Protein chains: 2
Amino acid sequence: MRAALELLEEDGAEALTMRRLADRLGVKAPSLYKHLAGKEELEGALMAVGLEQVSSVLAEAARSGEDPLTAIAAAYRRFALAHPHLYRLLTERPLLRERLPEGLEARAAAPLVRAAGDPDRARAAWAFAHGMVHLELSGRFPPDADLDAAWRSGLAALAGAPTTTPPARAVVRSWRGPD
Amino acid sequence: MRAALELLEEDGAEALTMRRLADRLGVKAPSLYKHLAGKEELEGALMAVGLEQVSSVLAEAARSGEDPLTAIAAAYRRFALAHPHLYRLLTERPLLRERLPEGLEARAAAPLVRAAGDPDRARAAWAFAHGMVHLELSGRFPPDADLDAAWRSGLAALAGAPTTTPPARAVVRSWRGPD
DNA sequence: GTCTATAGTGGGATAGAC
DNA sequence: GTCTATCCCACTATAGAC
């Protein structure tokens, strides 16, 4: 797992091949299948590792004392830019929920749900943050775009809108497979 | 190009291979290289086709009479869900701007820039919309999430926030490589 | 000159026999 | 753990038909 994570983070998704992983481990590729059912199992395990990292990063941001939504957004962006390939793995394909530790998805989402006040707004905020980092990572913004200003604009809008909802406590309790 | 687009839209990105494209054209794969420099050129051409479609869909939505931001958002989502593989091709990798017709990127972005009122808010709105459709396409929202409600929540926030900016006309004129 | 083909390189995931 | 093999991929070299 450590070797796989290094391969992914250092050289990107195309570099994460069974052959190269085997090379790094001083073993032939087919031998990996004695330990892993296949590449998908490997990727599922990496998703769990990555989501665990996101979870702890966001939880810490929420505890930071600043405005929670702003702090969470900054931490989210920082994580994505620091681990672009892992972030893509985590967001460009279906979550392999069967392979995820019980409750991890909910734990990762909890800080944002609490900060946003209701699940719909939490999803909107998540979508905004994901859209910003994903388009940035994908090189889709024009090179001269002021992304900090776009973040401020979106966060101001999301923070300013009125809440429509039940108290945060109830929302968190009913949260299921978090986003 | 028509065959390639069919392959992509019907069977997804993994199905778009030089071999299968050649098969569909009744030709051997190496022959394709007499017409195309390589797969990347093919993908670049498909991106141009897709962006042209997005552009016309958004322009029509902006002319629809409804609230422009809402109409554009609905059209954007409709396009992405109707053409998921093309949408991914268009957003998960850098825009191949060298291969794009002059001005296409700006034309595609114009309706949203006009509706949002300033480029930062336009980018925030684009990020929100992209995040929503991309997470939906990627199967990252929990199965029971109310995505319509999340869209409403995000759009209400973005529409309600105050503008910080110069008149829309000037903004459009200074728009460069649109998003 | 413009189309096609065959043959081959090097890289992938993975199955099976040892 | 290995080796061998199957089948996929992008791409190249080369040559022949029209």
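Just so we're on the same page: letters track the sequence lines, and every chain starts at 1. All figures in this text were calculated on a predicted structure; none of them were measured in a lab.
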Problem set entry | Distance below 4.0 Å between His35(B) side-chain N/O and dT4(C) OP1 or OP2 | yes

Exercise. What's the CG-C1' distance between Leu32(B) and dC3(C), to the nearest Å?
Worked result: 12 Å

Exercise. Whole-Å distance between dA5(D) C1' and Lys28(A) NZ?
Worked result: 16 Å

Exercise. Under the side-chain hydrogen bond (donor to acceptor under 3.5 Å, both in side chains) rule, what pairs show up with a residue in residues 29-39 of chain B, not counting sequence neighbours?
Worked result: none

Problem set entry | Heavy-atom protein contacts under 4.0 Å, nucleotides 7-18 of chain D, coded B base, S sugar-phosphate only, - none | --BSBBBB----

Seminar exercise, completed: Taken in chain and number order and not counting sequence neighbours, the residues that satisfy ring-ring contact (aromatic ring centres under 6.0 Å, His included) with His83(A) are Phe79(A)

Problem set entry | Selection residues 49-61 of chain B - residue pairs positive for salt bridge (Lys or Arg N to Asp or Glu O under 4.0 Å), sequence neighbours left out | Glu52(B)-Arg107(B)

Exercise. With Ala82(A), which residues qualify under side chain to side chain contact (heavy atoms under 4.5 Å, CB included), at least two apart?
Worked result: none

Problem set entry | Test side chain to side chain contact (heavy atoms under 4.5 Å, CB included) applied to Glu102(A) - qualifying residues, sequence neighbours left out | none

